[in-house]
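A short write-up of the structure that comes next.
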Amino acid sequence: FQYLRQKKGGRPKIFVLRHGAQSLPDKLLSFVNEKILSEKVIALERTNDGITVRSESRTVNAKRVFIATSGASTAQYLEALNPTISERLR
């Protein structure tokens, strides 16, 4: 990957993922132990230990969560966790 970098006071540089946009979530998935793919997520809830992800078929407890959906879908999931970010994504 070529990462986005910004010089002090400068403009952000444009970057391109050599293997297409899907290569970013694919790479992130390679670091994840527990995955919920192609399954409807019902809720994300903050816990003392991290985040609880509830899907239609199971519940997963995690320290971190990667959300790879459209901005509008992500906004819906983040509504209860962070209303400010949720609103900005709409």
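Side-chain atoms are counted along with the backbone in the values below, which use heavy atoms only and exclude waters and symmetry mates.
- For residues 40-49, the set of pairs meeting the side-chain hydrogen bond (donor to acceptor under 3.5 Å, both in side chains) definition, not counting sequence neighbours, comprises Glu45-Arg54.
- Remark: Asn61 pairs with Thr52 by the side-chain contact (heavy atoms from CB on, under 4.5 Å) rule, at least two apart or across chains.
- By the salt bridge (charged side-chain N to carboxylate O under 4.0 Å, His left out) test, Glu87 is found to be paired with no residue, residues two or more places apart in sequence or in another chain being considered.
- Between Ala68 and Pro25, the shortest heavy-atom contact is CB-CB, 4.3 Å.
- For Glu56, the side-chain hydrogen bond (donor to acceptor under 3.5 Å, both in side chains) criterion is met by no residue, not counting sequence neighbours.
- To the nearest 0.5 Å, atom CD of residue Glu34 and atom CZ of residue Arg58 are 5.0 Å apart.
- A donor-acceptor pair under 3.5 Å is formed between the side chain of Thr74 and the backbone N or O of Ser70.
- Around atom NZ of Lys35, more than 12 heavy atoms belonging to other residues, nucleotides or ligands sit under 6.0 Å away.
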query = Where do Arg18 and Ser23 land on the side-chain contact (heavy atoms from CB on, under 4.5 Å) test, with the steps shown first?
reply = CA-CA 8 Å; Arg18 288 185 203 160; Ser23 64; over 6 Å; no
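- We find the CG-NZ distance between Leu17 and Lys27 to be 12.0 Å, quoted to the nearest 0.5 Å.
- Clustering of Ile, Leu, Val, Met, Phe, Trp and Tyr by side-chain heavy atoms under 4.5 Å joins Ile67 with Ile36, Val41, Leu44, Ile51, Val53, Val60, Val65, Tyr77, Leu78, Leu81, Ile85, Leu89.
- Evaluation of the salt bridge (charged side-chain N to carboxylate O under 4.0 Å, His left out) rule for Arg90 yields Glu79 as partners, not counting sequence neighbours.
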